[in-house]
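A short write-up of the structure that comes next.
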Amino acid sequence: VELPFGGSGKSGHGREKGFEALYGFTKLKTVAAYHGWEIIMKLQGKTAIVTGGASGFGAGIAAKFVAEGARVLIADINGAAAKSMANEIGGRTVSHAANMALGDDVKALTKAAIDAFGHIDILVNNAGVTHLPAAMEDISEEDFDRVLAVNTKSVFWSAKYIIPHMKSRQTGAVLNV
């Protein structure tokens, strides 16, 4: 993020997880208030679920959405990591443990988001897994099934439970990463 007063907005804490935008925005907000500048946040008033949001791309997406004004639910199979990331990002985030390959977990996630925010505007299907690097003939059927369940069936479950809510509101966006 290039800030109007120079610098990259990096926090200097040494963790490179895509938070430059969040910390840059925080600094920009402080400087903007001092100078009386108006900050336009592209996702102000929007709500989002980011699956696989406890680390990697998901954490960066969640941080950027919050920086742009959204309220975000971080969903991850590792509930403790999701909670930790929500605390790290701050104010507009909540967390929920969910295995996106399981319909009951996605149904509970949908309810948790609606309970927390009142509605869902954006779904980012980011959760994903892969098998360990190996020759295809050495990959077990169990490993292959797990990859399909998380990377493909999760999209089915989220469509089954979240899309009807979006349709009832006649608005919503789904991003499949």
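Within 6.0 Å of atom CG in Asp104, 12 or fewer heavy atoms from other residues, nucleotides or ligands are found, so the atom counts as exposed in its surroundings.
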For this session: Kindly indicate, with the supporting measurements, whether the criterion side-chain contact (heavy atoms from CB on, under 4.5 Å) is fulfilled by Phe117 and Val94.
Result: CA-CA 10 Å; Phe117 303 140; Val94 295; 3.8 Å; yes

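Note on Met85: it clusters hydrophobically with Phe65, by side-chain heavy-atom contacts below 4.5 Å among ILVMFWY residues. Hydrophobic clustering of Ile, Leu, Val, Met, Phe, Trp and Tyr side chains at less than 4.5 Å, counting indirect connections, keeps Ile61 apart from Leu123. In the hydrophobic clustering of ILVMFWY residues, with side-chain heavy atoms under 4.5 Å counting as a link, Leu175 and Ile162 come out apart. Put simply, Ile163 and Ile114 are part of the same group of oily side chains (I, L, V, M, F, W, Y) that touch within less than 4.5 Å, one to the next. Hydrophobic cluster membership is shared by Val177 and Ile122, with clusters built from Ile, Leu, Val, Met, Phe, Trp and Tyr side chains linked at under 4.5 angstrom.
Apart from Val155 itself, the hydrophobic cluster it occupies contains nothing, where clustering links Ile, Leu, Val, Met, Phe, Trp and Tyr at side-chain heavy-atom distances under 4.5 Å. Grouping Ile, Leu, Val, Met, Phe, Trp and Tyr by side-chain contacts under 4.5 Å, direct or through others, puts Val147 with Val129, Val150.
One distance of note links OG1 of Thr152 with CH2 of Trp157; it measures 13.5 Å at 0.5 Å rounding. To the nearest 0.5 angstrom, Ile120 atom CD1 is 6.0 Å from Met166 atom CE.
Glu68 contributes no side-chain N or O that, together with a main-chain N or O of Leu43, makes up a donor-acceptor pair within less than 3.5 Å. When atom types are taken as modelled, the side chain of His165 and the backbone of Thr110 share no donor-acceptor pair closer than 3.5 angstrom.
Screening residues 166-177 for side-chain hydrogen bond (donor to acceptor under 3.5 Å, both in side chains) gives Asp121-Arg169, Asn125-Asn176 as the qualifying pairs, with residues at least two apart or on separate chains. Under the salt bridge (Lys or Arg N to Asp or Glu O under 4.0 Å) criterion, no residue pair touches residues 148-161, with sequence neighbours excluded.
Heavy atoms only, all atoms of each residue included: Ala127 and Met100 are closest at CB-CG, 4.0 Å. The shortest non-hydrogen separation linking Ile89 to Ala62 is CD1-CB, 3.8 Å. Closest approach of Ala159 to Pro164, counting heavy atoms only: O-CD, 3.3 Å.
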Name each donor-acceptor pair under 3.5 Å that joins a side chain in residues 132-141 to protein atoms two or more places apart or in another chain, with its distance.
unit_1, atom_1, unit_2, atom_2, d
Ser140, OG, Asp143, N, 3.0
Ser140, OG, Asp143, OD2, 3.4

Residues 70-80 side chain polar contacts: donor-acceptor under 3.5 Å, at least two apart:
unit_1, atom_1, unit_2, atom_2, d
Asp76, OD1, Asn78, N, 3.0
Asp76, OD2, Ala54, N, 3.2
Asn78, OD1, Ala80, N, 3.2
Asn78, OD1, Ala81, N, 3.0

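No salt bridge links Glu142 with Arg146; every basic N to acidic carboxylate O contact stays at or beyond 4.0 Å.
Residues forming a salt bridge (charged side-chain N to carboxylate O under 4.0 Å, His left out) with Lys107 (at least two apart in sequence, or on another chain): none. In this structure Asp115 satisfies the side chain to side chain donor-acceptor pair (under 3.5 Å) test together with Lys111, sequence neighbours excluded.
Side-chain contact between Tyr161 and Leu109: absent, with no pair of heavy atoms (C-beta onward) separated by less than 4.5 Å.
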